[in-house]
Amino acid sequence: MNTTSDDLAPAVRSILESAAERPGGDERVAVSARSLSEAFAAAEADGRVPVIAEVKPTSPTTDGAREDDPVELAEAMVAGGAAALSVLTEPDHFGGSVENLERIREAVDVPVLRKDFLVREDQLDAVEADVVLLIARFVEDDLADLVAAARDRGFQPLVEVHTREELAAALAAGADLVGVNNRDLGQLEVDLATFERLAPEAPDDVTLIAESGITTPADARRMREAGADGLLIGSAIMDAEGVDDAGTGGDVSANTRRFTSAETEDEV
Ligand SMILES: O=P(O)(O)OC[C@@H](O)[C@@H](O)c1c[nH]c2ccccc12
């Protein structure tokens with residue numbers, strides 16, 4: 001499953017090097033998780049597109065950085081109708097932290113996904129979250145073992161894939177929550193056709209999430225028509241490139257609402 005690092009964009013190589021060195025937790029966590037599928041069902045029942053809005057202060061593909069309080073951003077996302085949140089805990093390239101996640105999870109009622117580059121089981125213990133991301137391409141331990149280890153701790157594991165082979169590996173590892181990343185972590189290029197290509201290959205009982213590159217309500221509808229049960233949206237909601245000198249900007253609540261209402265309002 002692991003590719004050689006030669007295939008990777010330099011930024012991603014650097015992310016993985018620091019991820020490999022990041023320590024895990026001292027004690028095994030035992031999480032009482034908020035259900036992601038229930039949160040999606042509640043959004044659907046309410047006429048909202050199930051959106052996981054991502055607190056991502058910056059990224060290797062973003063020019064600016066948001067400096068405003070992550071808890072306020074998270075609350076604004078929930079006010080905008082987000083069914084769940086994703087919080088970056090990667091500190092060196094995304095401006096994230098486990099403290100951000102802890103504070104946000106305390107402040108909101110919706111499920112919170114820990115977004116990081118976890119490569120080993122002990123790193124699951126760094127912080128509690130409802131959902132934990134496991135990127136099929138990057139895990140060093142066996143994927144099935146890591147999925148099981150996440151479940152043993154109470155997490156709902158979300159396995160991220162980008163290719164047909166990774167999707168097959170995720171399903172073989174027992175994943176029932178699968179994210180298709182439209183961004184190729186080799187070249188960092190986005191293509192929404194990635195989700196469209198892979199979605200038909202997943203069984204119906206798998207919850208499928210379209211990740212990355214959703215920038216307009218039309219993109220959101222396109223992913224939903226291709227079979228996405230939920231959408232993971234970061235940059236278009238954070239709007240970090242539109243920040244002013246104080247590091248604040250873009251109305252995150254309104255940005256979120258554009259996507260959660262994409263199937264009920266006439267917008268382009
Ligand atoms: O900002 P975007 O294009 O809306 O993408 C969000 C999310 O999919 C992206 O941040 C992401 C997908 N997989 C990841 C893995 C690690 C870090 C970040 C990611």
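Every number for a ligand or one of its atoms is a count from 1 in the order of the listing. Positions are given from 1 along the sequence.
- A salt bridge links Asp125 with Arg153: the distance from a Lys NZ or Arg NE/NH1/NH2 to an Asp or Glu carboxylate oxygen falls below 4.0 Å.
- Salt bridge Arg105/Asp130: present, at least one basic N to carboxylate O contact under 4.0 Å.
- We find that Arg22 and Asp122 are not joined by a salt bridge, their nearest charged nitrogen and carboxylate oxygen being 4.0 Å or further apart.
- Between Leu118 and the choices Val132, Leu133, Ile135, the side-chain contact (heavy atoms from CB on, under 4.5 Å) rule is met once, by Val132.
- The list of salt bridge (charged side-chain N to carboxylate O under 4.0 Å, His left out) pairs with a residue in residues 222-234, not counting sequence neighbours, reads Glu44-Arg224, Glu196-Arg222, Arg224-Glu263.
- Within 4.0 Å of ligand 1, heavy atoms belong to protein residues Glu54, Lys56, Phe94, Lys115, Phe117, Leu133, Ile135, Glu160, Asn181, Arg183, Glu211, Ser212, Gly213, Leu232, Ile233, Gly234, Ser235.
- Looking at Arg103 and Glu72, no side-chain N of the basic residue comes within less than 4.0 Å of a carboxylate O on the acidic one, giving no salt bridge.
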